[in-house]
Each structure stands twice: as C-alpha cells, then as structure tokens.
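To keep things clear, I will list the structure first and then write my remarks on it.
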Amino acid sequence: MSNITISLPDGSTRELPAESTSLDLAKSIGSGLKKAAVAAVVDGVETDLTVPLADGAEVAIITNSTDEGRHVLRHSTSHVLAQAVTLLFPGAKYAIGPAIENGFYYDFELPGDKTFSDDDLGRIEAKMREIIKENQPFVRSELSPPEARELFSDQPYKVEIIDRVDSADADTEDTGEVGDGGAISAYRNTDEFVDMCMGPHVPSTGKLAFFKLQKVAGAYWRGNEKGPMLQRIYGTAWESKQALAAHLHQLEEAAKRDHRKLATELDLLSFPSALGGGLAVWHPKGAIIRKLMEDYSRLRHERGGYEFVYTPHLANASLFETSGHLDFYADGMYPPMEMDNGTYYMKPMNCPMHCLIFSSRQRSYRELPLRLFELGTVYRYERAGTLHGLMRIRGFTQDDSHIYCTKEQLADEIASLLDFVLSVLRAFGFEEFTFNLSTKDPEKYVGTDEIWTEATAALAEALDRHGLEYSLKEGDAAFYGPKIDIDVRDAIGRSWQLSTIQADFSLPERFGLEYVGADNARHRPIMLHRALFGSIERFFGVLIEHYAGAFPTWLAPLQVRVLPVATAHEEYAAEVAKGLVAVGARVDVGKADDGLGKRIRNAKLEKLPYILVVGDDDVAANTVGVNPRGGEVERDVSLAAFIEQFSNEISDAEVAALES
RNA sequence: GCCCAGAUAGCUCAGUCGGUAGAGCAACGCAUUCGUAAUGCGUAGGUCAGGGGUUCAAUUCCCCUUCUGGGCUCCA
C-alpha cells in the first residue's frame, strides 16, 4: 500500500501510510501534539481525528487549548451529560446541547414533568465521570432522514430537528446538532446512547476530564415562549485542571464585583421590596457619586453645544399615539392612568416631548443642529423575570439628547458625536471600545431606501473617519433608523453595551417637524437619538463592577479619612481635615475610640482613597502619615505637601477628563 | 410572563423531624488611648417577607401574594 502526502499549515508536507488519520498525523509530529489534539481541520472542514485522510489533504490539528479545541471539548462533554441524564432518569428526552462561551448546556424533558434539583447535579456529575473513565468512543455515522427518524423514534425533539433539516426551508440556526444537505450525522458512545450531531468530537470520552456542572435552569424549546419549557443544565469544561480552576476563580472575582453586593456593602443604594420590583433608592453615598456623574455630564454637554430642557414624567396618551410608542411598545409601558380629562401614561422615552419643544415654534436652518439635552427619567414596564439590579430596572434616568439636523449635517454631527462619546467614557476610566453598526431590517422599517443608505453611510463614514473598526449587524437596526452601539470593556474584560447613536426618520415625520431652509422652503429635519451613559443607573452599576467599588478619587463618596492615633490628637486631626475641606476634599475624622488597626481596617473596607494617620510626631511637625488605597504607607509627609498633591490629583483628573 | 431555587437580627448565615429562635460582624454602653487591615467585657436587637389554610399549637407543613437569585423569552 502506498503512502499519502499531507500538507501542514506551515507549508511543510509529511508522508504517512495510507489510511492514516489526523490522530496518526499528530502522533507522528509529537506525543505532546497527540495528547493535545481534539479534532482536525481537513481541507478547511472540521473533522474527527479518527477519519482516514486522503492523499494530498491539507490538515491542521485542533488542540485543546484553542478556542476551537475547547469548543470541541465542550460539545463532547455535553454529549456525556446527555448520556448521564438518560442513564439516571430513564425516559428523559434530550433536545439540544451545544457548546457556548466558556461551557456548554443540554436541554432535557424529564418524564412526568419532573425537574432537576441542585442535588441532582452532583449525581449527574458523578455519572459523567464514570462515562469518562470508561473511555467510550465517539463513533460517527451518517444517516438518511428516514433512518434517523427510526433511530430517534423515541426522541420527539430529535425527530423535530430531523424534520426541520429534511424540509426545504431548513433553518440553519441551531446547527451543531444536525447535518447538511439531507444527510444527518450522529455520534454513538454506547449501544444505548447515540446523539445527532455535526461534530467533530474528541475520539473518546477519556479526553474529557476538566468540567463542572454549574446550574439548572428552565429554557423554552427552540427559544419559543409558547413552546414547552425544558430543563437546562449548564456546565463548563476546559483542557486542564488549571484552566478550569482559573475560570472558576474568574467567576468568583466577578461575583465579588457584583454591583448589588457592593451597593449594599458600601451603602450606595438599595432596592427596598416595599418600593416594588425594579425600583431603587439612592443613599447619600451613592447619591454623591450620581451627582458627580450628572454634574460632569452637564458640564460636558454645556461645553458641547447642547441646550438643556426639562420635561414631565407623564403625558397624555395622544402624545404616545403620535410618537407610535403605543402602537409598538405598549407592552413595555406602565398601564394607563385614567384622569378627568383623558388617559395618561408614564413616559417610556423622552423623545416625543423633545419633539414638542422643536415644534413649539417655527424653526430655521440657522438653528440646526439643535441639540436638546435632558437627564430624563423614564419608566418602562420590564417583565418581572428580566429585572436585574441596576442593569435592568423599571425606572431610570437617561442622559438623553435629541439632535435635529439637516441631511447634509448628519455625517459631521455623527463624527463629532463619536469624539464626544468616547471622551466622556474615557473620563470614567474606560479605555477599550467596540462598535456595532446596525443596518436596516428589510422586514421592518420606515423611510425611503435612499435615506437609509445615506444615513447608514454617514454612520459608517464617521466610524471610518476616526479609524474605528466596527462590526456590521445587518438587520439589527430599530425600525426607525440605523444606529451605532458602543460597548466598553471593563477591568476584568467583560463587555457592556452603554452608548448608542441612532438615526430616526420616523419621529420627525410623525410629529410633522419642519424647518425653513436657506431656500425659503420647508424641510424635514433628521433626528438623532443618543445617550452616552445610556441609563445613569445602569452606567453606575457598570462603574461599580469596573472599579470593584474602589472609585477613583474624584468619584469617591468620601476621599480622605483622618485618624488620630489617640484622643489627644483629635484636635490636630480636625485641623488637617479643615485644610483638606478648604481645597474641596470630601473628608471626615475618625474618633480614637477604637484600636487604630481596627479603624484602618474599616476605612480599607470602605475603599477610601486616602487614610491619614496623625499622632504625636505629626502634631509636633505639622505632618501626616499617608496610607493610600493600593499603595505604601508614607510617614512624616508635610500636611501642606499632601494637600497640594491631593488637590493636584483632583484637578488633574478634571482637566484630563475635559481634554481627553 | 415562563422554569427552578430562595426570603430567619442592619449584614453574612445557622436552626426548628410542628412546641414563637441562635452565631459572627455591625449598633449601643463601659473599660482600654493605642503609629497603619479586627482590644476586652457587657447590653440591646426578630410579628422568622405578607396573607390565608391544616393543627391543641405554624417560623417549620400546604396554598396565594410580594420581593430576590439563576436561566429562558423580551429589551424602543
């Protein structure tokens, strides 16, 4: 039998005996590679390691520490989960079980409407470890739809998938489960357990080891709210014990930053159940930060050519009929209030009211762009199950602006908006951004194709002008116009969608907005919606998590605490505080009624930027001991020097923020 | 809205196989006056989320409501 020649990604070639597989190839390169191999890309197609290679094939080995490799591990682990569940819960139906970011899940229906409990996870995990220990092979086969129906005749969800693949209009959305072009692939682990799947999979379950089942949850079959509710089990899987431990550690770190936990610990705000779900009250320390955020926002908007407006929280139903909100979003609005002269609603958005300001008198092209700004509080009836701390809340305040401009002004306006947005976000410590440009949904839009094309081009041009890379989200725009969404990356790498810049062709039409042009004719303005923080509540939540509650000095509710070593030093401590207050510091003095170590510990737990300790030496020499957050203690610093350094730090932050 | 799990002192949690509850921290009081992450002793603090049912007796068992958590769906 002759040899075959395989080419590798680096351009080199390798001779192997005929019928060799990718696994043989990996082995021939090195035992380390063989061990790390989980699948292969053969001529551009992800393939099992155990498939014999054709002469001349181009092969790249997928190893377990790559994203693709982990995906294979996770998907394979989900099959093991399904097998374990079918063994422990006879009669369980398994639906779909894909790999997802950092893990996998599998959806089941248990006989007799039974559900999983958290205790079941341990049993299932133990069974999975048995399966892994048995080192069962993943054996691929290809089936015709009728064969597949026969094989999965007692698995209704699989049959439904087969039917969908088999039908002409097969949607390809939840592939990973199925095959293409009418053929259906399946992977068998034991005589009893086989699952439909495109693969690839690891050669055998022994390749899987480092996983953990995490939680049970309900999930609708095919994500359809009207469909049956299945039982989902989530898990995570990794290539090594270290990688699994690192991931679990990362989850713990994220949990420590949870804004709901920190908001309670730092006494920033609370969600009293007496208020009702999704509604928060701001305590003094949270309110200081909010005020600083708002003051800063107002300052920037003032300098940015915005005009401030105020509008009420309630409006007559007719306003929301005009704006279209009642047509499109009535479900998301608080129910109507019947009053003597009509029906009223809490406002879900500020834009209709801003349009009323625009239309309150005749407008000239000389006034455009007209930028109306408001910290506008809106109320949305978010469904009970979707509420989540400050991130999803029913009453919140937007740093909302509506910009009315001409078509010609659009590109410049958006370009300068991008500068403005990024500069403000940077001031709050965000450095990394990603941009999404959402385009027309051909199924659902208003306005002419021409104006969509123009506006979309204006948005894209603005991004290009700044050299910003962006992802195109085709069909993701709202019905009224294209938009740019801006995501920020936080200190531990998580991404949060904050800012949005949206063109709107609908509202100017609905409100009949017009301006008189240079040509003395009436024209319709284009409207931009934009928010930088998005919602102040949500932005604050993100800030808490970004900084893990340790706010930068300019935002810290309390910036300095002066601790006298003993009662005798309290008078001097008060003097020190007075000096700091004179330069605008937020400072307090801790009484010497507890051990110094204890008082320092408490101040550290409050995450204060500076603790100043003053004792005999300091009283004598007019100095302080400086204990900065995250830094080294420095003794005998002259008070004047500290005050100067502190006030420089604060004004530097302000200047940097304004100039960035 | 749907599935699952919860709600006990200000916080974190234990407990009651049905007989009205306990710890640590915090608070308050007394003593201690201390040089960089927890001084000691003591006191007080709870309609066991709310309502209904079963029971001689409910914080405990059952039902409903509210709120919370994890998901799903939704998110102008």
Side-chain angles (χ1 to χ4, degrees), chain A residues 105 107 109 113-120 214-234 255 258 260-261 264-265 267 270-279 320 323-333 347-352 378 380-389 391-393 398 477-481 483 497 500 502 504 506-507 529 531 535 563-570 591-606 611-618 624-629 632-636:
Chain A
Y105 67 79
D107 286 347
E109 182 187 282
D113 282 335
K114 281 218 309 226
T115 56
F116 293 118
S117 70
D118 287 341
D119 300 336
D120 291 329
Q214 292 169 298
K215 53 203 170 195
V216 295
Y220 296 109
W221 167 234
R222 300 189 60 204
N224 177 2
E225 214 176 338
K226 306 243 165 17
M229 176 65 69
L230 303 177
Q231 295 289 309
R232 176 170 296 179
I233 295 179
Y234 283 94
D258 190 310
R260 294 162 301 187
K261 183 176 143 73
T264 304
E265 285 174 8
D267 197 15
S270 59
F271 299 88
S273 56
L275 248 191
L279 299 167
F320 300 117
S323 70
H325 286 102
L326 277 174
D327 280 346
F328 292 103
Y329 307 113
D331 287 351
M333 292 169 64
K347 66 173 170 181
M349 291 188 86
N350 303 301
C351 38
V378 298
R380 297 182 182 176
Y381 184 74
E382 302 285 359
R383 295 163 87 184
T386 64
L387 299 173
H388 181 87
M391 302 305 181
R392 194 81 176 266
I393 198 169
Q398 297 177 306
F479 70 91
Y480 50 70
K483 63 173 177 176
Q497 203 236 298
T500 185
Q502 314 188 341
D504 188 338
S506 172
L507 278 189
H529 305 244
S535 132
L563 295 179
V565 170
T567 314
H569 313 117
E570 281 179 358
K591 280 204 167 2
D593 57 356
D594 237 330
L596 180 62
K598 171 84 161 280
R599 287 178 287 147
I600 287 174
R601 176 182 154 82
N602 287 341
K604 291 290 182 189
L605 291 176
E606 289 176 54
I611 303 165
L612 301 183
V613 174
V614 294
D616 286 338
D617 300 351
D618 300 294
V624 293
V626 180
N627 186 336
R629 185 178 62 201
E632 296 289 308
V633 172
E634 197 182 344
R635 289 281 303 268
D636 305 319

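So that the names make sense, note that chain A is the first sequence line, chain B the second, and so on, each numbered from 1.
- When the C1' atom is compared between B/U73 and B/U55, the two are found 42 Å apart, to the nearest whole Å.
- Atoms CD (A/Glu265) and P (B/C13) sit 11 Å apart, rounded to a whole Å.
- For B/G70 and B/G51, the C1' atoms lie 27 Å apart once the distance is rounded to whole Å.
- Side-chain contact between A/Glu382 and A/Ile393 is absent, with no heavy atoms from C-beta onward closer than 4.5 Å.
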Could you run through nucleotides 69-76 of chain B and give me one letter per nucleotide, 5' to 3': B if any protein heavy atom sits under 4.0 Å from the base, S if only the sugar-phosphate is that close, - if neither?
SBBBBBBB

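- A straight line from CG of A/Leu279 to C1' of B/U66 spans 13 Å, rounded to a whole angstrom.
- Both A/Phe271 and A/Phe116 lie near RNA chain B, and the one whose nearest nucleotide falls closer to the 5' end is A/Phe116.
- Comparing the same atom, P, in B/U47 and in B/G1 gives a spacing of 29 Å after rounding to whole Å.
- The interatomic distance linking A/Arg601 (CZ) with B/U39 (C1') rounds to 14 Å, in whole Å.
- A/Asp618 places a side-chain N or O within donor-acceptor distance of the main-chain N or O of A/Gly615, the cut-off being under 3.5 Å.
- At distances below 3.5 Å, at least one donor-acceptor pair connects side-chain atoms of A/Arg380 with backbone N or O atoms of A/Pro348.
- At a threshold of 4.5 Å between non-hydrogen side-chain atoms, the residues A/Leu596 and A/Leu563 count as touching.
- Ring pair A/Tyr329/A/Phe479 is tilted by interplanar angle, where 30° to 60° counts as tilted.
- Looking only at distances, no side-chain donor or acceptor of A/Asn602 sits under 3.5 Å from a matching main-chain atom of A/Arg599.
- Secondary-structure stems of RNA chain B, taken as three or more successive Watson-Crick or G-U wobble pairs (i with j, i+1 with j-1) under a 3.5 Å distance threshold, comprise B:1-7 with B:66-72, B:10-13 with B:22-25, B:27-31 with B:39-43, B:49-53 with B:61-65.
- Of the residues A/Arg232, A/Arg222, A/Gln231, the one that meets the side chain to side chain contact (heavy atoms under 4.5 Å, CB included) test with A/Asp107 is A/Arg232.
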Report the C-alpha distance between A/Val216 and A/Asp120 in whole Å, list the side-chain angles of each, state the deciding distance to 0.1 Å, and finish with yes or no for side-chain contact (heavy atoms from CB on, under 4.5 Å).
CA-CA 9 Å; A/Val216 295; A/Asp120 291 329; over 6 Å; no

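- One C1' atom belongs to B/U8, the other to B/U68, and the distance between them is 15 Å to the nearest Å.
- Within 6.0 Å of the NZ atom in A/Lys604, the count of heavy atoms belonging to other residues, nucleotides or ligands exceeds 12.
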Protein proximity profile, nucleotides 25-36 of chain B - base contact B, sugar-phosphate-only contact S, no contact -, cut-off 4.0 Å on heavy atoms:
-S------BBBB

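- Counting heavy atoms from C-beta on, the side chains of A/Cys351 and A/His325 come closer than 4.5 Å.
- Without hydrogens or angle criteria, A/Glu570 side chain to A/Ala592 main chain gives a donor-acceptor distance under 3.5 Å.
- Only the P atoms considered, B/G71 is 34 Å distant from B/G18, to the nearest whole Å.
- On the P atoms, B/A37 is 36 Å away from B/G45, given to the nearest whole Å.
- One C1' atom belongs to B/G69, the other to B/U43, and the distance between them is 36 Å to the nearest Å.
- Going from the P atom of B/U54 to that of B/A58 covers 11 Å, rounded to whole Å.
- Among the atoms of the strands shown, only primed sugar atoms or phosphate atoms (P, OP1, OP2) are found under 4.0 Å from some heavy atom of A/Gly278.
- A/His529 has its side chain within reach of A/Tyr480: a pair of non-hydrogen atoms, C-beta onward, lies under 4.5 Å apart.
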